[in-house]
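Take a look at the structure set out below.
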Amino acid sequence: MIEREYTSDVTADRSGEQVAVAGRVHDVRDLGGIVFLILRDARGELQVVFKEEDDADLFERVQELNREAVVRIEGEVTASDQAPGGVEMVPDSLEVISESTTPLPMEVSKDVDANLDTRLDQRFMDLRKPEVRAVFSLRSKLLAGMTAWFDEEGFTNVDTPLLSQAGAEGGADLFPVLYYDKEAFLSQSPQLYKQILMGADFDRIYEVGKAFRAEDFGTSRHVSEIGMFDVELSYIEDHDDVMDVQEDSLRASIEYATEHAQRELDVLEVDPELPDERFPRISFSEARSILETEYDHVPEDADDLDTKGEKLLGEYFEEQGHPAFFVVGFPNEKFYYMQDVPGDDIASRKFDLIYRGQEISSGGQREHDYERLLQRMEEDGVDPESFDFYLDAFEYGMPPHGGYGLGIDRLVQKVADLDNIREAILFPRDPERLTP
RNA sequence: GCCCGAGUGGUGUAGUGGCCCAUCAUACGACCCUGUCACGGUCGUGACGCGGGUUCAAAUCCCGUCUCGGGCGCCA
């Protein structure tokens, strides 16, 4: 490794020590007889002072540097009231490791904001900004906290195929790919495989994966390649058991992030803390009546909440101190794999988790009865024969089970309070964007 | 897929028919400046998405096209 220390470790109390730092030329402030170089690395910045009288050669060379060049500087730590953070460095040597050309495709060190599209086009440069990178360390911690909870609870981390013959939810909006000489599709959900694993007695599983949706949307909360945190578990009484898992794991995730990513949360100026009380679980019909009585809003589709409805409900519960809540029991289930119990007073065993006015996960109890599943598939116009690989797992005994899929990108977007979901993804994919 | 709105130097913007061979900031180049911290100052380089059309005259109006943003649908 190249010998260096992080700028965050170069502190005033180390005054007099010789250290080496490496990073980027954030800025060069040439005041005439004195030049300040601000060096930026992954953890912070450090001011390096060049004076003509100290070293004429270094003094000349620092003025030739371009912003964003990669350099390594050795020198002496100096405490100074005039320096930012009370500490700076007096250099002995300056090595240019990699030059940078000009002009930059966007500003990194100046307060000139770029549009999101420009930022995404120049993502490598955009990501050099600490406040942009903070989103991704936060994302990493949210996932770490969540997986830690599942590991602790005895869930097995699995991987299911991203290439398959057919989608779980019909043939529309799938990306076709050429699979040798056959047509295949990119997975839109690990749903069928999670259930097969329930039939294989895995009992409790989670998967951190991807899902692909070929819908031609154009919103700030949709992308074509989605980060998904999928969960499935067996021997549940009903969908409430699944919601318990969803709620507890989300709490664990956010608590972990609050503990291990406080610096990032500060940089992003957000506080994702959840109240101690359990998330409210309201029925679909309660949701509709809140919308109608409180906001005079009636979603057009009688079987669903619309975007505006979700936002309004989000406001309603936010005011009551609940950024997260479940809407349970949607009257007309669309998909055969969801359990639809005749005469069930909650209409169906499906739930959506709404966090800060946005649906971030969706799940429920699944149909585990082979005959009813067959019947539902036929009602949905799905040919059971092409799903033999799935149905076989039900024919030889299937425990009652349920699960959900959580949109990781949406979770990060909401926790970090980002305007656009693309900001929560390093290299987002949408109908127009396939690079970088 | 539908409905709005917008495309101006590297970046972010001002400019709604002639006052625009286009404003400001930042960047970039040159010069001045010994404590800046978005350093400051002087000078300079650099742009109207693309293709048609209307008009004596178009960044500005119209049509098409591409791209972006917002909303809706749909969802995670």
Side-chain angles (χ1 to χ4, degrees), chain A residues 26-38 45-54 59 63 66-68 78 80-88 90 100-122 125-126 169 172-173 188-191 209-230 246 299-301 303-311 330 334-335 352-355 358-363 404-414 419-422 424-425 430-433:
Chain A
H26 184 69
D27 201 5
V28 178
R29 297 190 191 119
D30 181 355
L31 274 66
I34 186 168
V35 175
F36 298 102
L37 179 152
I38 312 299
E45 294 174 4
L46 179 66
Q47 172 164 290
V48 187
V49 198
F50 295 79
K51 291 180 186 171
E52 190 161 20
E53 68 216 33
D54 288 352
F59 184 76
Q63 294 175 63
N66 282 337
R67 287 154 70 215
E68 296 300 308
T78 312
S80 165
D81 291 342
Q82 293 166 299
V87 64
E88 61 190 14
V90 177
S100 172
T101 50
T102 59
L104 302 173
M106 58 178 282
E107 289 304 324
V108 178
S109 63
K110 306 288 173 182
D111 280 350
V112 181
D113 292 335
N115 293 325
L116 182 57
D117 198 47
T118 306
R119 292 174 49 201
L120 293 176
D121 282 343
Q122 314 295 338
M125 182 77 59
D126 184 48
E169 299 166 4
D173 55 82
Q188 69 182 160
S189 161
Q191 187 56 38
K210 296 245 176 162
F212 301 87
R213 306 283 162 89
E215 292 163 53
D216 192 17
F217 52 80
T219 76
S220 57
R221 58 187 185 283
H222 289 88
V223 283
S224 307
E225 183 175 339
I226 312 164
M228 290 285 281
F229 198 111
D230 264 276
Q246 165 67 96
E300 246 177 73
D301 182 350
D303 296 337
D304 207 357
L305 302 173
D306 54 13
T307 306
K308 189 179 172 193
E310 281 179 11
K311 272 184 199 158
F330 290 75
K334 276 167 296 187
F335 303 122
D352 280 356
L353 172 64
I354 299 181
Y355 177 60
Q358 165 94 114
E359 177 184 338
I360 64 164
S361 97
S362 174
Y404 63 84
L406 169 99
I408 297 168
D409 315 311
R410 284 192 178 177
L411 173 67
V412 174
Q413 180 192 0
K414 286 294 148 180
D419 289 335
N420 196 304
I421 195 169
R422 292 167 180 79
I425 301 167
D430 64 39
E432 299 299 334
R433 181 177 291 281

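Both backbone and side-chain heavy atoms feed into the values below; hydrogens, waters and symmetry mates do not. Residue numbers start from 1 in every chain, and the chains themselves are labelled A, B, ... in the order their sequence lines are given, proteins ahead of strands.
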Under 4.0 Å between a side-chain nitrogen and a carboxylate oxygen: does that hold for Arg433(A) and Asp121(A)?
yes
Under 4.0 Å, counting only non-hydrogen atoms across every strand here, what does Val35(A) touch: a base, just sugar-phosphate, or nothing?
nothing
Remember a base hit wins even if backbone is also touched, and classify Glu310(A) as base, sugar-phosphate or nothing at under 4.0 Å, heavy atoms.
base
Would you measure the distance from the P atom in rA47(B) across to the matching atom in rA22(B) and give it in whole Å?
9 Å
rA59(B) versus rG17(B) - spacing of their C1' atoms, nearest Å:
11 Å
Across every strand shown, the nucleotide meeting Watson-Crick or G-U wobble geometry with rA59(B) (both distances under 3.5 Å) is none
Val49(A) and Phe36(A): side-chain contact (heavy atoms from CB on, under 4.5 Å), yes or no, with the steps?
CA-CA 5 Å; Val49(A) 198; Phe36(A) 298 102; 4.0 Å; yes
Can you tell me if Ser362(A) touches the phosphate of rA76(B), counting only side-chain N or O atoms and a distance under 4.0 Å to OP1 or OP2?
yes
Using modelled atom types and a 3.5 Å cut-off, is there a donor and acceptor pairing between side-chain atoms of Asn115(A) and backbone atoms of Asp117(A)?
no
May I have the distance from Arg67(A) (atom CZ) to rU26(B) (atom P), rounded to whole angstrom?
12 Å
Need the pair for rA14(B). Rule: Watson-Crick or G-U wobble, both distances under 3.5 Å, any strand; none if unpaired.
none
If every non-hydrogen atom of His222(A) is compared with every non-hydrogen atom of Phe217(A), which pair is closest and at what distance?
O-CE1, 3.1 Å
As its Watson-Crick or G-U partner within any shown strand, both distances under 3.5 Å, rA30(B) has rU42(B)
Rounded distance (Å) that lies between atom P of rC33(B) and atom CG of Asp30(A):
10 Å
For the side chain of Arg213(A) and the backbone of Val223(A), is there at least one donor-acceptor N/O pair under 3.5 Å apart?
no
Does rC2(B) have a Watson-Crick or wobble partner in any strand here, with both distances under 3.5 angstrom, and which is it?
rG71(B)
Candidate nucleotides rG71(B), rA76(B), rU26(B), ranked by approach to the side chain of Met228(A) - the nearest
rA76(B)
When you compare rU65(B) with rC24(B), how far apart are their P atoms, in angstrom units rounded to a whole number?
37 Å
For rU54(B), the Watson-Crick or wobble partner whose two distances fall under 3.5 Å
none
Backbone N/O of Ala424(A) and side chain of Asp409(A): donor-acceptor pair under 3.5 Å:
no
Close side-chain approach of Thr307(A) and Arg221(A), heavy atoms under 4.5 Å:
yes
Test your reading of the model: is there a side-chain donor-acceptor pair from Ser109(A) to the backbone of His26(A), 3.5 Å cut-off?
yes
Any-strand Watson-Crick or G-U partner of rG7(B), both distances under 3.5 Å
rC66(B)
Considering only atom C1', compute the distance from rC4(B) to rU11(B) and round it to an integer number of Å.
27 Å
His26(A) has an atom NE2; how far is it from atom P of rA38(B), in whole Å?
9 Å
Look for any protein N or O under 3.5 Å of an N or O in nucleotides 9-12 of chain B and output each such pair with its distance, or none.
| unit_1 | atom_1 | unit_2 | atom_2 | d |
| --- | --- | --- | --- | --- |
| rG10(B) | O2' | Leu104(A) | O | 3.3 |
| rG10(B) | O2' | Pro105(A) | O | 3.2 |
| rG10(B) | N2 | Glu107(A) | OE2 | 2.7 |
| rG12(B) | OP1 | Asn115(A) | N | 3.0 |
| rG12(B) | OP1 | Asn115(A) | ND2 | 3.3 |
| rG12(B) | OP1 | Thr118(A) | OG1 | 2.7 |
| rG12(B) | O4' | Asp113(A) | O | 3.2 |

Nearest heavy atoms of Lys51(A) and Phe59(A), plus distance in Å
C-CD1, 3.6 Å
Would you check if the side chain of Arg410(A) reaches a backbone N or O of Glu359(A) as a donor-acceptor pair within less than 3.5 Å?
yes
Roughly how far apart, to the nearest Å, are rG10(B) and rU45(B) at atom P?
16 Å
Using OP1 and OP2 only, check whether a side-chain N or O of Lys51(A) sits under 4.0 Å from rU34(B).
no
Provide the closest heavy-atom pair for Asp30(A) versus Gln63(A) in the form atom of the first, atom of the second, distance.
OD2-OE1, 3.2 Å
rG73(B) phosphate, OP1 or OP2: any side-chain N/O from Thr307(A) under 4.0 angstrom?
yes
If you check the Ser361(A) side chain, which of rG35(B), rA76(B), rG70(B) turns out closest?
rA76(B)
Applying a 4.0 Å non-hydrogen cut-off, can you work out what Ile226(A) is touching in the nucleic acid: base, sugar-phosphate, or nothing?
base
Protein and nucleotides 64-67 of chain B: nitrogen or oxygen contacts under 3.5 angstrom:
| unit_1 | atom_1 | unit_2 | atom_2 | d |
| --- | --- | --- | --- | --- |
| rU67(B) | OP1 | Glu432(A) | OE1 | 2.9 |

Starting from P on rG70(B), measure out to NE2 on His222(A) and report it in whole angstrom.
13 Å
Counting any heavy atom closer than 4.0 Å, what does Glu88(A) reach on the DNA or RNA strands: base, sugar-phosphate only, or nothing?
base
Check Ser100(A) against Arg67(A) and note the closest heavy-atom contact, atom names and distance.
OG-O, 3.3 Å
Interatomic distance at C1', rG40(B) relative to rU26(B), whole Å:
15 Å
Has the side chain of Glu53(A) got a donor or acceptor atom sitting under 3.5 Å from an opposite partner on the base of rU34(B)?
yes
Rounded P spacing from rC56(B) to rU13(B) in Å:
36 Å
Considering only heavy side-chain atoms of Ile34(A), the closest of rU34(B), rA27(B), rA76(B) is rU34(B)
Kindly give the heavy-atom pair with the smallest separation between Gln413(A) and Ser220(A), and that separation in Å.
NE2-O, 3.6 Å
Once you round it to whole Å, what is the distance between P of rG70(B) and CG of Asp419(A)?
8 Å
If you look at every heavy atom in Gly309(A) and Asp306(A), which pair is closest and at what distance?
N-OD1, 2.7 Å
Give me the distance, rounded to whole Å, that separates rG9(B) from rC62(B) when you measure between the C1' atoms they each carry.
28 Å
Stepwise, does the side-chain contact (heavy atoms from CB on, under 4.5 Å) test hold for Asp113(A) with Arg119(A)?
CA-CA 9 Å; Asp113(A) 292 335; Arg119(A) 292 174 49 201; over 6 Å; no
Compare the minimum distances between each of rG35(B), rG70(B), rA76(B) and the side chain of Asn420(A), then state the nucleotide with the smallest one.
rG70(B)
Sort me out a list of protein N/O and nucleotides 1-7 of chain B N/O pairs below 3.5 Å, or just none if empty.
| unit_1 | atom_1 | unit_2 | atom_2 | d |
| --- | --- | --- | --- | --- |
| rG1(B) | OP1 | Asp216(A) | OD2 | 3.3 |
| rG1(B) | OP2 | Asp216(A) | OD2 | 3.0 |
| rG1(B) | N7 | Asp216(A) | O | 2.7 |

Protein-nucleotide distance (Asp352(A), atom CG; rC74(B), atom P), rounded to Å
12 Å
Below 3.5 Å, does any donor atom in the side chain of Arg221(A) face an acceptor in the base of rA76(B), or the other way round?
no
For Asp27(A), which contact category applies under a 4.0 Å heavy-atom criterion: base, sugar-phosphate, or nothing?
sugar-phosphate
From CD of Glu52(A) across to C1' of rC33(B) the rounded distance in Å is 12 Å
The nucleotide from rG35(B), rC28(B), rG70(B) with an atom nearest the side chain of Ala83(A) is rG35(B)
